[in-house]
Amino acid sequence: MLTLSKGLEIQVQNALEKAFPEAAAQALDSGSKLNPQLVRASKPEFGDFQINGALQLSKQLKTAPREIAEKIIQELNRNERFLTICNSAVIAGPGFINLTLQPECLTSEIKTRVKDPRIGVPKRNFIDTHTKYSRVVVDFSSPNIAKEMHVGHLRSTIIGDSLARILEFRGYEVLRINHIGDWGTQFGMLITHLKTVAPEALTKANALELENLVEFYKQAKQKFDSDEIFQKQSREEVVRLQAGDSLSIKAWSLLCDQSRREFQQIYNLLDIQIHERGESFYNKYLANVITELTDANLLIVDQGAKCIFLDEKKNKGSKKSVIIIQKSDGGFNYATTDLAALRYRFNQVPEGDGASRIIYVTDAGQANHFEGIFEIAKRANWIPKGGRIEHVPFGLVQGPDGKKLKTRSGETIRLRDLLDEAVNRAEVDLKLRLQKEGREESEEFIKNVSTTVGIAAVKYADLSQNRITNYQFSFDRMLALQGNTAPYLLYALVRISGIARRGGSDDLNIENLEFNEPQEWELIRELLKFDEIIVEVEEELLPNRLCTYLFELSQIFNRFYEQVPILKADMQNRISRLTLCRLTAKTLQLGMNLLGIPSLERM
RNA sequence: GGGGCUGUAGCUCAGUUGGAUAGAGCGACGGUUUCCUAAACCGUAGGUCGUGGGUUCGAGUCCCGCCAGCCCCGCCA
């Protein structure tokens with residue numbers, strides 16, 4: 001109801017200014033406006049919108065809140081345009097004004113939405129806004145070469161993908177960037193170690209299974225932490241690699257290829273589109289970062305390393321935190337790479353991406369790091385005018401015991417295994433139900449439904465939680481057939497498909513819709529919120545808001561479905577109700593699609 | 001020691017620029033299958049919003065102190 005509420009806002013603003021012309025003029029002189037505080041009603045019994053401003057303005061206007069409200073109402077009731085949108089305004093409580101929309105207004109919104117593939121969600125207009133460029137970088141997923149993807153990558157991948165989908169839908173040109181860990185000290189360790197234990201892996205493709213590679217990586221890491229000579233060798237190896245030594249590069253690219261194929265399988269299963277541009281891509285830009293930071297007088301040499309000290313403002317006598325830009329051995333580390341990446345992304349094409357907004361989807365543990373990186377970027381003047389840069393943090397994935405999710409033996413859980421288990425459990429649930437209901441379904445049906453339900457459950461469980469907090473992973477809860485879960489949403493959609501199959505699919509003449517039941521109006525009002533939710537998620541980058549909305553929509557639909565006859569209703573009501581079904585299906589489908597979750601006709 | 005995040009019903013969590021009587025789901029208890037998938041729907045019980053101050057007409061929400069848990073803090077990413 002974005003358009004409606006915008007129109008309403010103008011009417012309410014006018015009414016307030018007409019009611020108190022002197023105060024309005026005064027406010028205008030000081031460069032502000034009287035704020036009527038028009039918001040959505042907090043409860044259905046208060047109508048559709050409420051005006052809260054009278055209470056706050058009381059002091060300034062030296063008038064009792066209810067008296068202010070009374071005057072605003074008088075103005076509103078005099079305004080014909082307002083009366084075509086709303087029933088007359090009502091004063092309530094200590095000075096709130098409750099507004100209820102005209103039923104014709106709601107009905108006509110429903111009609112336009114049924115026909116609109118975007119269901120009322122506007123595309124962002126980049127010409128009118130302060131942002132000149134529509135390009136956004138979403139940096140997400142980012143697994144490491146020579147390691148398997150695990151639950152830690154799950155959140156970044158799922159949340160990042162959903163945000164990318166929503167931004168794309170709103171009209172941004174989104175660059176989905178997989179900033180994979182394909183560079184740095186870890187490779188020095190791995191290559192050095194492989195030289196002695198499995199030299200063939202450095203010259204021949206697929207000499208090792210990925211699992212073995214992971215095992216070697218663990219050994220290398222252990223050696224690195226305990227053996228000083230090995231540590232030195234590894235660092236030298238990194239320097240060779242970063243300098244472009246051909247043998248090192250060859251070994252490195254073999255390792256990358258192998259991991260890459262493994263990642264792709266997961267992305268296929270999760271239906272994730274992402275463009276790989278790992279840390280190594282920025283290798284050729286690293287030296288320039290040093291040059292620019294030196295020119296900007298930001299670098300300080302400390303113990304042989306080039307550093308930037310932060311925390312200028314927060315000087316409570318505390319130690320300043322520091323970011324190392326170039327190590328004492330000449331090597332670069334992840335801060336350097338992140339700065340080079342940031343620089344590149346904001347730079348204009350062809351020397352960069354020409355982005356106006358960069359979004360990093362990583363765990364909350366990196367908040368300090370990004371804060372530092374962003375501060376440096378600001379000081380170096382690398383953020384263009386109107387440019388936005390945001391860290392989108394998320395919490396840990398915990399097991400049912402509240403601790404970091406591990407296997408029974410204490411190992412990290414492979415993402416692959418986790419997804420397989422979700423699908424298998426969904427299959428067991430489904431078969432049990434088929435048996436109970438005496439249904440016969442093909443193998444293909446069972447396979448398709450279990451995969452969809454399993455993957456959807458994992459994705460939805462993650463997305464439906466506020467990402468900031470830690471997230472307790474539980475197969476039982478996410479696959480539960482009731483509650484705020486993917487199966488619940490999928491089921492609502494299946495019910496609608498059922499109606500369509502039984503004669504609800506005829507071409508509807510939606511010119512004369514008529515609604516009488518409270519369940520219908522409740523559904524209508526919920527359906528019309530969709531556009532606001534999408535715009536909100538675009539701004540706040542919180543997909544759980546969309547999940548909550550879809551869940552509530554499903555609940556309201558299920559109530560409507562239970563309590564109001566549809567196919568058995570007379571023609572007029574039948575068409576009207578089928579229209580609501582159709583719009584509900586469209587909304588659920590689009591909403592789930594924006595979360596990266598597919599839907600089903602039957603389940 | 002410094003910094004960040006979190007603390008809301010028995011459990012898992014929502015809670016919109018501060019707005020009216022703090023909401024879901026699960027679990028518990030009770031009820032509902034003669035249109036369309038009961039994987040559903042309806043009802044009941046359950047709260048000092050960690051704690052102490054402050055700002056405000058109004059605070060779960062903003063500010064300060066304290067307590068608890070988790071995470072980060074110079075050559076790993």
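It should be emphasised that the depicted structure is a prediction, and the values quoted were computed from it without experimental measurement. Just the heavy atoms: all of them, side chains too, but no hydrogens, waters or symmetry mates, feed the values below. Every chain is numbered from 1 and lettered A, B, ... according to where its sequence line falls, protein lines coming before strand lines.
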Classify the nucleic acid contact of [X] as base, sugar-phosphate or nothing, counting any heavy atom under 4.0 Å across all strands shown.
| X | result |
| --- | --- |
| A:N98 | base |
| A:N558 | sugar-phosphate |
| A:A335 | nothing |
| A:G181 | nothing |
| A:E437 | sugar-phosphate |
| A:Q555 | sugar-phosphate |
| A:R545 | sugar-phosphate |
| A:E536 | base |
| A:L430 | base |
| A:A305 | base |
| A:Y488 | sugar-phosphate |

Exercise for the section: Decide, applying a 5.5 Å centre-distance limit and a 30° plane-angle limit (both strict), whether A:Y561 stacks on B:C36. Expected result: yes

Handout entry: Whether A:F96 stacks on the six-membered ring of B:A20 base, 5.5 Å and 30° limits
Key = yes

Completion exercise
Taking for A:N35 and for A:S328 the nucleotide of RNA chain B with the nearest heavy atom, the one nearer the 5' end belongs to A:N35

Exercise for the section: On RNA chain B, check which nucleotide each of A:G93 and A:F224 is closest to and give me the residue with the more 5' one. Expected result: A:G93

Between [N] ([atom2]) and [X] ([atom1]): distance, integer Å:
| X | N | atom1 | atom2 | result |
| --- | --- | --- | --- | --- |
| A:Y460 | B:G25 | OH | P | 13 Å |
| A:E540 | B:U61 | CD | P | 18 Å |
| A:F332 | B:G74 | CZ | C1' | 17 Å |
| A:Q472 | B:C70 | CD | C1' | 14 Å |
| A:E45 | B:A20 | CD | P | 11 Å |

Using the [atom1] atom in both, what is the distance from [N] to [M], to the nearest Å?
| N | M | atom1 | value |
| --- | --- | --- | --- |
| B:C13 | B:U51 | C1' | 22 Å |
| B:C29 | B:G7 | P | 31 Å |
| B:G47 | B:A22 | C1' | 8 Å |
| B:U61 | B:U6 | P | 13 Å |
| B:G23 | B:A45 | P | 14 Å |
| B:G50 | B:U32 | C1' | 41 Å |
| B:A40 | B:C26 | P | 8 Å |

Practice task
Tell me which nucleotide among B:G25, B:G15, B:C75 gets nearest to the side chain of A:R235.
Solution key: B:C75

Completion exercise
Side-chain atoms of A:N466 come closest, of B:A14, B:A40, B:G25, to B:A14

What I want to check is whether the side chains of [X] and [Y] have a donor and an acceptor closer together than 3.5 Å.
| X | Y | answer |
| --- | --- | --- |
| A:N558 | A:Y488 | yes |
| A:R495 | A:Y491 | yes |
| A:N484 | A:Y460 | yes |

Practice task
Run the salt-bridge test on A:D363 and A:R155 with the 4.0 Å N-O cut-off and return the result as yes or no.
Solution key: no

Handout entry: Salt bridge A:K232-A:E228, side-chain N to carboxylate O under 4.0 Å
Key = no

Handout entry: N or O in side chain of A:K327 less than 4.0 angstrom from B:C75 OP1/OP2
Key = no

Practice task
Could you tell me whether the side chain of A:N470 and the main chain of A:G395 form a donor-acceptor pair under 3.5 Å?
Solution key: no

